[in-house]
Asks: 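Sending over a structure as structure tokens; questions will come in a sec.
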Amino acid sequence: MKTRFGWRDLSIVLHYTGRILAGLSPLYLIPAFSSLVAREFAVTVDFMIGFGVMLTLGAGLAAFAPNGRRPDWVHGMTTAGVSWLLAMVVAALPYWLSHHYNSYLDAMFDVMSGLTTTGLVLLQDLDHVSIGINMWRHILTFVGGQGIIVLALALFTDSSGGGYGFYVGEGKDERLFPSVMHTAKSIWRISLLFLVIGTVAFWLAGISIGLTPIRAFLHGFWMYMATWSTGGFAPMSQNVLYYHSTVYQILTFIFFTLGSFNFALHSAVLRGNRRELLKNTETVSFTITMSLTLMVVIWSLVKLHVYPDLVALIRKGFFHLASAHTTTGFMTIYPQQFANEWGDSAIAAVIIAMMIGGSACSTAGGFKGLRMGILFKAVLQETRRLMRPSSLIMVQKYSYHGARVLSDQQVRNAALVVLMYVAIFAIAVVGGCVAGFPLLQSAFEAASVTGNVGLSIGVTTTTIPAGLKVLYIFNMWAGRLEFMAVLASMGFIGIFFTRSKI
Amino acid sequence: MVSRETGAAVIIHGVVVEILYTVALGLLGICICTIIAELVK
């Protein structure tokens, strides 16, 4: 049994990290080509520089020979965690070169916000950024939604061992197929299928509200990518409000709700298993928690007379709650309106919705409906156990692609992840308060970054202290990877440098 | 699974079912908004 990590382990991690980065480098060519077509030649150069740096770094790291050793579980997890951090550092280069950021830290914040599908923005003067930069923002959030490791696994042509460690390290533990690479390819096939459908739908909606066909296509393409990946980015600073369109709002609701569903659920339904939609623990959990939090939000908004009529109540109250619960972060109001108009109880309900989030193995964040369902079933099981004779063996079942028996290990795993979420949420709340923000606003923003949501109550601006930005970056990263890869990375680095035994 | 083995008709049917499901969720949300708004008024 391995008791410490040495240079050979490090070389395995660096080798596969390099391969992932090199695999991601062609993504730069998409915004480079877009900006070239749009005659934004300086922007094209920025992206070609980024492409060169990413490819060189990736190839350089991949040159570390793993000496024929196959990566094991720890290597896979550590690689996942480190890859996300290095991808953030390098992908920020075109942002920084665009001069739309006050610092490189702000640029890295926006990359992590995009990759983790959070959607908070520190970019300056969004309404006047180039087509290339807007393309990059939305490509990052789309790829991040599926997972950068999933993309790399889909591109790998050989069957690298330890693939499951990479995959789980990215917060996805549901295999659609026995082979991880086959699963990764299937996830991309599902996303690309909906990419075509969604882009056409948004394109037509854009034309119907008066955008020119080319502008409608670009906005449709970007909005779809931000919607499906539950990212919340939009090409204009007013976000969805910019379009003043009911059709746009309905489309975003449909596609961010779909994006928050488990890829295994999509897979089952697309194979003809429609009943899974109604029986699955995650969809049931989502419907219940969404309904309960919606009741509180609407009750609060009506009590405070925030919106004058039912249509406004639905288009603002319901839309933002759905945007929060699916961890999308689209907004049709300004951040300060949350703070000044919505009232404490509505804000508290939105915070809870943001923390719960969407489904496991989806593009969404939060601690996920599956864990919510498992913990609820565990409470139910314990209650029933108390009511029955002690000699009786209790079996609790839940529906998740067929009936499954709830095990103590599942309950323990779910409880641990929820506990970790709450812990880093609490740290971010304290961080916000230390930076001088009120408790409720700090809690709202902390839930937004931890759950990878992107709704803002006005805390996240370029003027907040650098320490708070770093804390938020950590929370986005840890929340997206669901801690295992983060713990593995920190453990690996700590053990490697201290030379201590496990 | 979206794969070469899955027929196009089954996939299209699945896509339509998923979209209709989200529409149903939206209608449920609208119903909740309407009922709560009426109760609180």
Side-chain angles (χ1 to χ4, degrees), chain A residues 176-177 182-183 185-194 197 201 249-250 253-261 263-274 277-278 283 286-287 290-292 294-303 307 309-311 313-315 317-319 321-322 326, chain B:
Chain A
L176 281 61
F177 284 104
H182 199 175
T183 297
K185 284 176 182 167
S186 184
I187 285 175
W188 271 96
R189 273 198 289 268
I190 292 168
S191 296
L192 294 175
L193 168 72
F194 279 101
I197 297 167
Q249 258 188 288
I250 292 170
F253 173 81
I254 288 173
F255 287 109
F256 67 53
T257 305
L258 285 175
S260 75
F261 287 168
F263 279 107
L265 179 65
H266 288 299
S267 171
V269 176
L270 293 178
R271 272 185 299 176
N273 183 7
R274 299 186 300 277
L277 266 174
L278 300 173
T283 52
F286 177 77
T287 307
M290 174 90 167
S291 301
L292 292 175
L294 180 62
M295 285 178 195
V296 177
V297 167
I298 298 301
W299 176 83
S300 174
L301 294 178
V302 174
K303 272 273 186 197
Y307 299 112
D309 54 54
L310 185 62
V311 175
L313 199 62
I314 292 166
R315 289 190 63 178
F318 177 42
F319 182 79
L321 196 270
T326 57
Chain B
M1 202 71 49
V2 185
S3 67
R4 290 184 192 89
E5 296 80 32
T6 310
V10 178
I11 293 171
I12 292 167
H13 190 238
V15 170
V16 172
V17 167
E18 286 206 62
I19 290 173
L20 286 177
Y21 183 77
T22 60
V23 171
L25 278 179
L27 291 175
L28 173 67
I30 290 170
C31 288
I32 290 172
C33 290
T34 310
I35 292 166
I36 299 293
E38 285 300 317
L39 287 176
V40 179
K41 263 180 193 171

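Sequence lines set the chain letters: A, B, ... in the order given, protein chains first and strands last, and positions in each chain run from 1. Owing to the predicted nature of the structure, the values given are computational and were not obtained by experimental measurement.
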Asks: Count the heavy atoms belonging to other residues, nucleotides or ligands that lie under 6.0 Å from CZ of A:R274, then report whether that count exceeds 12.
Replies: no
Asks: Looking at A:L301, A:V297, A:T283, which makes the most heavy-atom pairs under 4.5 Å with chain B?
Replies: A:T283
Asks: Heavy-atom distances under 4.5 Å only: say whether A:I250 touches chain B with side chain, backbone, both or neither.
Replies: neither
Asks: Between side-chain atoms of residues 9-19 of chain B and protein atoms elsewhere (two or more places apart, or another chain), which donor-acceptor pairs fall under 3.5 Å?
Replies:
from, atom 1, to, atom 2, distance (Å)
B:E18, OE1, A:H266, ND1, 2.6
B:E18, OE2, A:H266, ND1, 3.0

Asks: At their closest point, which heavy atom of B:L25 faces which heavy atom of A:F286, and how far apart are they?
Replies: CD1-CE2, 3.9 Å
Asks: CZ/A:F318 to SG/B:C31 distance, rounded to the nearest 0.5 angstrom?
Replies: 10.0 Å
Asks: Out of curiosity, A:L310 CG to B:C33 SG, how far, rounded to the nearest 0.5 Å?
Replies: 7.0 Å
Asks: So, do B:Y21 and A:V269 sit near enough that their side-chain heavy atoms are less than 4.5 Å apart?
Replies: no
Asks: Which atoms of A:I254 are under 4.5 Å from chain B, going by heavy atoms: the side chain, the backbone, both sets, or neither?
Replies: both
Asks: Quick one: which of A:L313, A:I298, A:T257, A:L278 has the most heavy-atom pairs under 4.5 Å with chain B, could you say?
Replies: A:I298
Asks: What's the shortest heavy-atom distance between B:A37 and A:V302, and which atoms?
Replies: CA-CG2, 4.0 Å
Asks: Do you know the tightest heavy-atom contact between A:W299 and B:I36?
Replies: N-CG2, 3.7 Å
